[in-house]
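In what follows, a single structure is set out as structure tokens and then discussed.
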Amino acid sequence: MPAEQGGTIAVAAHPGGSDTELMRNSPTPVRQVFNLFAARFGQSAAPDGFREVRGHPKLVASSRRSHDAALQRRLWALSEELTGITFPV
């Protein structure tokens with residue numbers, strides 16, 4: 001059922017090459033690589049520029065893979081397995 005008819009939608013955002021809690025709480029090797037990148041290209045969260053690594057927030061289309069029903073089911077099953085919480089769909 002489409003969202004306009006009361007269905008559920010899922011929304012996601014990525015911060016691009018941004019200095020966020022995700023990077024600050026990553027394993028040390030990941031942080032070290034990010035810090036090398038951030039020194040030249042980093043910024044605050046939500047870029048809209050070149051390859052979405054710099055700039056202002058922007059709305060973008062969902063990737064083709066995000067519409068892959070098999071991948072959706074796999075992600076759902078793995079999420080249930082890892083959290084130990086199941087939801088009937």
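- Nearest heavy atoms, S66 versus Q72: O-NE2, 2.8 Å.
- Residue D68 comes nearest to A70 through the heavy atom pair OD1-N, 2.9 Å, listed as atom of the first residue, atom of the second, then distance.
- L75 and L82 fall into different hydrophobic clusters, where Ile, Leu, Val, Met, Phe, Trp and Tyr side chains are chained together by heavy-atom contacts under 4.5 Å.
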